[in-house]
There are 4 protein chains.
Amino acid sequence: MEKKAEDNFEDQYGRAGVRDTPQLLEYYSKLKALNTDALWTIANAIEPWEPKPTSIPMLWKYKDLRELVIQSADLVKPEEAGRRVVYFANKGRTETGACVGWLYSGLQTMRPGEFTPAHRHMASALRFIMEGKGAYTVVNGHKIDLNARDFVITPNDCWHDHGVYEDGEQCIWQDGLDIPLMNTLDCNFYDVYPKPAQSAKYPLNDMPLSHAGSGVLPDKLNWENDYSPIMRFSFENTYNALKDLDKVSKGDKYGGHTVRYINPTNGGHVMATMGGYMQMLRNSESTTSYRRTGSYVFQVAKGKGYSIIGGKRFDWEEKDVFVIPSWTFFTHHNLDDNDDACLFCFNDLPIMEKLGLYFEESYAEYEEALKKGYKSSYQGRD
Amino acid sequence: MEKKAEDNFEDQYGRAGVRDTPQLLEYYSKLKALNTDALWTIANAIEPWEPKPTSIPMLWKYKDLRELVIQSADLVKPEEAGRRVVYFANKGRTETGACVGWLYSGLQTMRPGEFTPAHRHMASALRFIMEGKGAYTVVNGHKIDLNARDFVITPNDCWHDHGVYEDGEQCIWQDGLDIPLMNTLDCNFYDVYPKPAQSAKYPLNDMPLSHAGSGVLPDKLNWENDYSPIMRFSFENTYNALKDLDKVSKGDKYGGHTVRYINPTNGGHVMATMGGYMQMLRNSESTTSYRRTGSYVFQVAKGKGYSIIGGKRFDWEEKDVFVIPSWTFFTHHNLDDNDDACLFCFNDLPIMEKLGLYFEESYAEYEEALKKGYKSSYQGRD
Amino acid sequence: MEKKAEDNFEDQYGRAGVRDTPQLLEYYSKLKALNTDALWTIANAIEPWEPKPTSIPMLWKYKDLRELVIQSADLVKPEEAGRRVVYFANKGRTETGACVGWLYSGLQTMRPGEFTPAHRHMASALRFIMEGKGAYTVVNGHKIDLNARDFVITPNDCWHDHGVYEDGEQCIWQDGLDIPLMNTLDCNFYDVYPKPAQSAKYPLNDMPLSHAGSGVLPDKLNWENDYSPIMRFSFENTYNALKDLDKVSKGDKYGGHTVRYINPTNGGHVMATMGGYMQMLRNSESTTSYRRTGSYVFQVAKGKGYSIIGGKRFDWEEKDVFVIPSWTFFTHHNLDDNDDACLFCFNDLPIMEKLGLYFEESYAEYEEALKKGYKSSYQGRD
Amino acid sequence: MEKKAEDNFEDQYGRAGVRDTPQLLEYYSKLKALNTDALWTIANAIEPWEPKPTSIPMLWKYKDLRELVIQSADLVKPEEAGRRVVYFANKGRTETGACVGWLYSGLQTMRPGEFTPAHRHMASALRFIMEGKGAYTVVNGHKIDLNARDFVITPNDCWHDHGVYEDGEQCIWQDGLDIPLMNTLDCNFYDVYPKPAQSAKYPLNDMPLSHAGSGVLPDKLNWENDYSPIMRFSFENTYNALKDLDKVSKGDKYGGHTVRYINPTNGGHVMATMGGYMQMLRNSESTTSYRRTGSYVFQVAKGKGYSIIGGKRFDWEEKDVFVIPSWTFFTHHNLDDNDDACLFCFNDLPIMEKLGLYFEESYAEYEEALKKGYKSSYQGRD
């Protein structure tokens, strides 16, 4: 039997600090025979001073992947693949299929006239359109056109399928889902639509056209769902909001200008488990380092620059995808002196917020905490 | 002593039906001497089968009032008047200063360079701009420009003053407040700002520019107030939302297309006690008759037509103001074959909804109820 | 035509201060002909510096009324009277049927075997049992027994009837309703049950027995109504809670120990428009003077003492009823050196809170404000 | 390189069904070199038709563990161990320290005069007292006495320590925490109190004595925390609520009588991430089989019987602990003909509910679904 308590030893009051003895080793054996064990042999490991994410900061270059993604359309048909997607595999999370934390993401391509089989699942899903023309999605009978840089949600438990019109062009978009989370929470379900694809039951684009007005909603709207009835957020609208914000705000040193996609019926996130935002870095802007709980997937919607994540530099340009694990310091830098850069992000912030788990810390606060002998500013707060 | 129970007599089980007798009259005298009385002498009167509003449907023609309003600027200065407003007096509510129910409304005018003294009160207030150039309001230090047909809120307990820039033109707008309600609820307060007018503490138009984006809000916005951070709702945005809605919806036979002004942080009304909406009647559209609880003040934002309110026809054109009392049947009619008409409305719906007092009935339901011997469809429901 | 603006004159910047002139009088005439008027002629009156309630502090002695109430059972039958109630008429509110503000209250008596006709209405209702045995109420088919000092709700729009079992004793209870409010808000409805009385559809006392547990609720309870599923709050439970509170709290100098009756599914008030609380004054305790918005009706549940309301002393003992109008200073005093006194109160606090109209001020704050030249501490706040 | 897509093959439209080819294998190699992969090689595995929990139904007999737990007090001191706990290790989750899903549980013992070092963490915690006298906990300065069968919460981020009074007896209680979840969500933090133990800052038991009243809460309580201010739920109160419920309800065939511990300020669960309930099985009662998402830890609070979990029988008596993994069919059976049995349960239902992930199915619905060719009743719903 291997020593365990000793590996776990920390010499501080309030932490487990037990040395193994022959008597204890024998005791541990008895416990194990009853499918139990002594907490103090693992306590420090399972209760770290601060989060120790296994996910690794990574960036995927679109130009490296684009041809392979397009090639997938030659290799498999959408109806064979279920969904024809090349997914991002985080080196620290290979067993989960996640790109960071419990979030999954991949690049899906669709040729004119093609469509995915309609289905639904407990996982929530979203898309951010990268290129092509004539893409659409159908969510619970609502058919919605998708243009480059549009953000669209397909909430959990909703029937959905996607395609490209016959007269369109081959499209590529980023998929984001919380499939890994649903698996690890033991509540993943899957269902296939009784027909290959849904028919539109409502006028084209009825959801965004009805609910995306500025400052208004349809009278007597009675929206009980925990997702945004806007469903598709056009880049034009989002970018205009950022430009308006820029007219009256100096922005935030940690985030530049950032707008969060919302459910206008309650001001909350667009879906129950995943949220999204668009961030604008003004000409040459650099943000100040901080870290926060939650897992974050970025796509560069506009511009070029780089981010320092966990001490490592990742250069990016339009359509590149990168991830920031929980509790990892980062900064963003716009390398263009004459234009802004825009970063689209989706994340698990709704979970952090609903469960009371959001915590953030600037690098300055971190340094201050270190000086006091703490591991982070979580320690020693009033 | 006058007979009372007898006046109150109704010959139906469940209603008061007591005839006066000498013995009872003597009994009533004893009760009155102790500042009490018998419920059955007034029960039917104070518990009617359905609401009996004292407010009267009325319409005020803008063309009749415009010159008088402009003339007020010659007669009194804003600093003398407090606010230089000609208010609408409902013939059934003269003792309250209300135009309908517990809502007050009037026309305020302001010349270039003029402004009202800054103040705050427990009453909530709003404006809908009718004409002129260069109007602005300052609400708790947020300065906001106002153009024709814009809707702006000045929530209760917020410091506010209004004016017209030196280089503007004489402006007229409609004020709406719930002053009478605050009085009757015994909670009206008033306070005068320590200076004649507020200085802008924030960039011009910062609230609408920050919060009126389509489908987004500033990240980390922490809005605890029970009013909309958008504050000013431009007619352009509102009209565009109605046109978009028209592309995908057939509208409602009772209301045409209607969008409600919202607080995007919770989907609720723009203020705690007053709400607003804009209604579009398409070319030649007529709505179907219904009635509802709540008091409603309309301003014609666009077009010409008429409304039948409580059986009486009221013809209207742009900038006319009319009111619909609670529980009064009404229809709206657009007389233009080639253009839509738009009706701005403010009301006390937040109160009806928060207190669980909203009830509505179509004329068809009313006729059905009458056939069953009821006074309205409130009676006999399952 | 009478002068008006002059009566309204206040010589302070930010208030209306216009003297009548022949020209203005002529102008007012023109306005009136168009059913309008000048705000500055009434502005100061309708926008007072602080609330000016028309309700008067009053107390009704139970011993004065008891015989008259009992006598009413000889004079009218419940089915004639609708409800056989002697109501409290506030001298300042005689036209409304209210005992204070927009609240109605009265004393209802019922003999063994009698019952009121079943009915429902938009007004909310409650009872506090004074004396007798064998009383019950039936609310939407839930039959509930009522003992002395129990508090029971009959929420708006719920069918309800009350009675006394054949083997009971003549009962008297206090009714509280917001009938006057429903009238003045133009949303009062009334309906009579198709049968003389409801049959119990559920086991006796099922609502309190299911929902009044300490710290628990039935699993999977899905309560959508805006009222408490407990429905009946026994004095024993309430008094025990106050005694427990007294073990660990010094109480509040303005209120002694006070517990609010709640809806345990949301922590809110027991009904949408009326709330209730029970207040314990310890041996010889006197509270400190303050005032608040809202209208309050008290019944002495236990003990004897007096209250100073608006500067006037009202001595009370068990079952006496008294009222405190909005924005009126008051204190309570327990005259018993050896026992506590308990005051039951119902009020319109849900309205004040939902509409953002609650404001309170201690007498000390008031004096401080006066020193600064203000009318109350509403003025001059940061 | 190993074949992957083929292992993942399902021959159904809407599922991944791609056979490996040399060309595809080469393609996969290219993807892997870029830290990506083809979704269709893992899609069916990561998107199962229904949850596939790795946790195993297990039961731990208290009589087997009691002596070992007591012995731990001889072997390590609380200040060495941090917390002196023997934890339950689910055979399917050994790498996580969980007893089921992401929930941790163990048995903690404390001798008279001993106490754990005070600390706080992002994990939420709770205790259910098994035996002994004189136990207490201190949570953010609130000292609370703990008796057998009491349920007490120590919410996340609150300072807490536990001990036994000098004049008490050795105590054993069950700890429940969501430490594993905090780890896997990458948001676990830990902090040690600056002193060995907290001093009580408030009167003993102030939280339960103030907030556990039936149907009432302290007036003007302004509780912003997402946990119950009652903090300690006595078995007596809980059992009384179950007995009262039994007087008026036939119970539920799937659960007998069940009451959920609540936060009375909002009707929600006692903490943000973990909930609890107490279930009463009447004399000889057997429940009907169903399954649901979420992870559940039970302690037998009273009586003896057995449960069938995932097809396997687990016999239990007082103080035994057993777990039901997500989406696993189960029934409970009271073996006593003359007395009820009570099961205490804590679980992650707040997470399931807040994230919209709760789904349940009776065995009858399951059989019906199988007949239609589905895997569960999730499939084929309208």
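Worth saying up front: this structure is predicted, and the values here are computed from it rather than measured. Chain letters run A, B, ... following the sequence lines, proteins first, then strands; residues in each count from 1.
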Heavy atoms only, distances under 4.5 angstrom: which of [options] has the most pairs with chain D? Name it, please.
options                       : value
A/P180, A/P53, A/A43          : A/P53
A/P48, A/A123, A/A118, A/G380 : A/P48
A/K30, A/E10, A/R83, A/M58    : A/R83
A/G106, A/A272, A/A81, A/P350 : A/A81
A/P194, A/C99, A/S326         : A/S326

Task: Contact check, side chains of D/F189 and A/W49, non-hydrogen atoms, under 4.5 Å - done: no
Per-residue contact mode, [X] against chain A (heavy atom under 4.5 angstrom):
X      : result
D/V76  : side chain
D/N156 : side chain
D/K354 : both
D/W102 : side chain
D/P78  : neither

Non-hydrogen atoms of chain D under 4.5 Å away: do they reach the side chain of [X], the backbone, both or neither?
X      : result
A/M271 : neither
A/Y193 : neither
A/H119 : neither
A/W60  : side chain
A/T21  : neither
A/L185 : both
A/N183 : side chain
A/S376 : side chain
A/R84  : both
A/P196 : both
A/V85  : both

Task: Shortest non-hydrogen contact from A/P51 toward D/C187 - done: CG-CA, 3.6 Å
Task: Exercise: identify the closest heavy-atom pair between D/D64 and A/L34 - done: O-CD1, 3.9 Å
- [ ] For residues D/W40 and A/Y87, establish whether the separation of their ring centroids is below 6.0 Å.
- [x] no
Go through [options] and name the one with the most non-hydrogen pairs under 4.5 angstrom from chain A.
options                       : result
D/Y358, D/W159, D/F359, D/F88 : D/F359
D/M352, D/M182, D/E47         : D/E47
D/K91, D/Q12, D/E50, D/R120   : D/R120
D/K52, D/H121, D/E79          : D/H121
D/D348, D/T184, D/T96         : D/T184
D/D226, D/T116, D/L65, D/L177 : D/L65

Pairwise distance [atom1]([X]) to [atom2]([Y]) - rounded to 0.5 angstrom:
X      : Y      : atom1 : atom2 : value
A/E26  : D/L75  : CD    : CG    : 9.5 Å
D/Q71  : A/L31  : CD    : CG    : 8.5 Å
D/M122 : A/L355 : CE    : CG    : 10.5 Å
A/S72  : D/Y27  : OG    : OH    : 4.0 Å
D/L357 : A/L181 : CG    : CG    : 7.5 Å
A/R15  : D/E80  : CZ    : CD    : 15.5 Å

TODO: Compute whether any side-chain donor of one residue and acceptor of the other, for A/D157 and D/Y378, lie under 3.5 angstrom apart.
DONE: yes
Open item on the list: I'd like to know if the side chain of D/N188 and the backbone of A/I46 have a donor-acceptor N/O pair within less than 3.5 Å.
Closed with: yes
Open item on the list: The test is side-chain contact (heavy atoms from CB on, under 4.5 Å); show your working for A/V86 and D/L39 and say whether it passes.
Closed with: CA-CA 6 Å; A/V86 171; D/L39 174 59; over 6 Å; no
Open item on the list: Could you check whether atom CD of D/Q23 has more than 12 heavy atoms from other residues, nucleotides or ligands sitting under 6.0 Å from it?
Closed with: no
